[in-house]
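Numbers here are sequence positions counted from 1.
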Amino acid sequence: MKKILAIFCLAACFLSLCACGNNQESEIPEGMIKAGGDANDFYFYYDDTWTLQTASAGTDSAEIMIKPAADRTGISPNASLSVVAFSLSSEKKDYAVNDQWKEYKEELQNAFPSFEYDETKDEALKLDNVPAGKKRYNITIGENTYTFVQILCIRYANVYQITFTCLANEYEARNQIIDTVVNNFHFN
């Protein structure tokens, strides 16, 4: 009886080790690419029609930027999505998303006289089950007007800021990447 029980336990251990040893790559949804993870406390999946442009991580911040892949002419569309994470200073440790947005919005208004923001387009959402806010605004630089969408999330006194940018007239054609990243964003 002890021999049968020992064999059963050994088989159960073996099966659980096999299940734990699954390669993380197998978790990547089909048609998507993983960004972040090892050096960051977050990762996300994005559509494979976009390419990784920048990935850096430091002790107090991290940044990952993706852009649409070049088309048949070799030209990459004028759009990008970046995820930046940074630590709040000790005096801001109790900040909520709207506190961070209010401060950032002031900086944008001061830097860009053409800044246009409509708070009726704001949305509450979640980033991996953590409350977040979605803000949308336009800025004109030279002859071009750009649409920006920012997702702001604060977790453990760290700000996670997803920023999508494209020409305003291309917004409808390109904005689906926002939902893809938000729906496939995870904290480690």
Side-chain angles (χ1 to χ4, degrees), residues 24-69 79-108 115 117-139 146-166 170-188:
Q24 200 174 17
E25 295 298 314
S26 66
E27 297 174 15
I28 297 175
E30 189 175 329
M32 300 189 120
I33 300 170
K34 181 180 178 182
D38 296 335
N40 311 46
D41 67 343
F42 66 90
Y43 64 96
F44 61 91
Y45 301 112
Y46 61 94
D47 189 300
D48 65 5
T49 61
W50 286 61
T51 59
L52 182 67
Q53 295 293 304
T54 306
S56 64
T59 53
D60 290 332
S61 66
E63 178 181 10
I64 298 172
M65 179 185 282
I66 59 173
K67 292 183 72 63
S80 67
L81 185 137
S82 66
V83 179
V84 178
F86 57 92
S87 301
L88 288 168
S89 60
S90 59
E91 64 269 2
K92 296 178 183 178
K93 67 181 170 114
D94 295 325
Y95 258 32
V97 166
N98 285 333
D99 298 320
Q100 180 66 23
W101 169 245
K102 182 180 175 184
E103 190 175 290
Y104 189 64
K105 182 175 78 167
E106 261 182 45
E107 291 175 21
L108 290 169
F115 175 80
Y117 164 65
D118 180 0
E119 69 183 57
T120 63
K121 294 181 180 178
D122 288 0
E123 292 179 43
L125 50 91
K126 294 201 178 208
L127 208 53
D128 197 20
N129 291 318
V130 178
K134 182 177 182 181
K135 314 294 183 184
R136 183 173 158 186
Y137 54 91
N138 289 336
I139 295 175
Y146 296 89
T147 297
F148 294 80
V149 174
Q150 278 192 317
I151 313 296
L152 293 167
C153 177
I154 298 179
R155 177 179 175 260
Y156 303 132
N158 291 311
V159 176
Y160 299 85
Q161 179 176 297
I162 299 172
T163 305
F164 169 77
T165 309
C166 73
E170 295 181 3
Y171 178 76
E172 293 304 321
R174 307 238 178 262
N175 72 5
Q176 60 275 27
I177 192 68
I178 301 165
D179 289 338
T180 299
V181 170
V182 167
N183 293 333
N184 291 285
F185 189 97
H186 305 281
F187 293 108
N188 292 330

Atom [atom1] in [X], atom [atom2] in [Y]: separation rounded to 0.5 Å?
X: E63; Y: T163; atom1: CD; atom2: OG1; answer: 9.0 Å
X: I177; Y: K67; atom1: CD1; atom2: NZ; answer: 12.5 Å
X: I154; Y: Y95; atom1: CD1; atom2: OH; answer: 9.0 Å
X: D179; Y: D47; atom1: CG; atom2: CG; answer: 12.5 Å
X: L88; Y: N158; atom1: CG; atom2: CG; answer: 7.0 Å
X: N183; Y: I178; atom1: CG; atom2: CD1; answer: 11.5 Å

Check the pair V149 / N175 against side-chain contact (heavy atoms from CB on, under 4.5 Å), numbers first and verdict last.
-> CA-CA 9 Å; V149 174; N175 72 5; over 6 Å; no
Could you tell me which non-hydrogen atom of [X] sits nearest to which non-hydrogen atom of [Y], and how far apart they are?
X: I151; Y: A132; result: CG2-CB, 4.1 Å
X: V97; Y: C153; result: CG2-CA, 4.1 Å
X: W50; Y: A79; result: CH2-CB, 4.3 Å
X: T51; Y: A69; result: CG2-CB, 3.9 Å
X: P29; Y: N184; result: CG-OD1, 4.3 Å

Kindly indicate, with the supporting measurements, whether the criterion side-chain contact (heavy atoms from CB on, under 4.5 Å) is fulfilled by V130 and F187.
-> CA-CA 9 Å; V130 178; F187 293 108; 3.8 Å; yes
Aromatic ring pairing [X]/[Y], orientation class (parallel under 30°, perpendicular over 60°, tilted between):
X: F148; Y: Y137; value: parallel
X: Y117; Y: F115; value: parallel
X: Y45; Y: H186; value: perpendicular

Any cation-pi pair here, R155 with F42, using under 6.0 Å and within 45°?
-> no
Between the side chains of N98 and K135, is a donor N or O closer than 3.5 angstrom to an acceptor N or O?
-> yes
Any donor and acceptor pair, going by atom type alone, linking the side chain of N188 with main-chain N or O of Y43 inside 3.5 Å?
-> no
Is there a donor-acceptor pair under 3.5 Å between the side chain of D99 and the backbone N or O of A96?
-> yes
Show the numbers, then the answer: is there a side chain to side chain donor-acceptor pair (under 3.5 Å) between Y160 and D41?
-> CA-CA 10 Å; Y160 299 85; D41 67 343; 2.4 Å; yes
Could you walk me through whether T147 and R136 pass side-chain contact (heavy atoms from CB on, under 4.5 Å), step by step?
-> CA-CA 7 Å; T147 297; R136 183 173 158 186; 3.9 Å; yes
Would you check if Y104 and L152 make a side-chain contact, meaning some heavy-atom pair closer than 4.5 Å?
-> no
Between I33 and I66, does a side-chain contact (heavy atoms from CB on, under 4.5 Å) hold up when you go through it step by step?
-> CA-CA 11 Å; I33 300 170; I66 59 173; over 6 Å; no
E119 atom CD, neighbour heavy-atom count above 12 within 6.0 Å | no
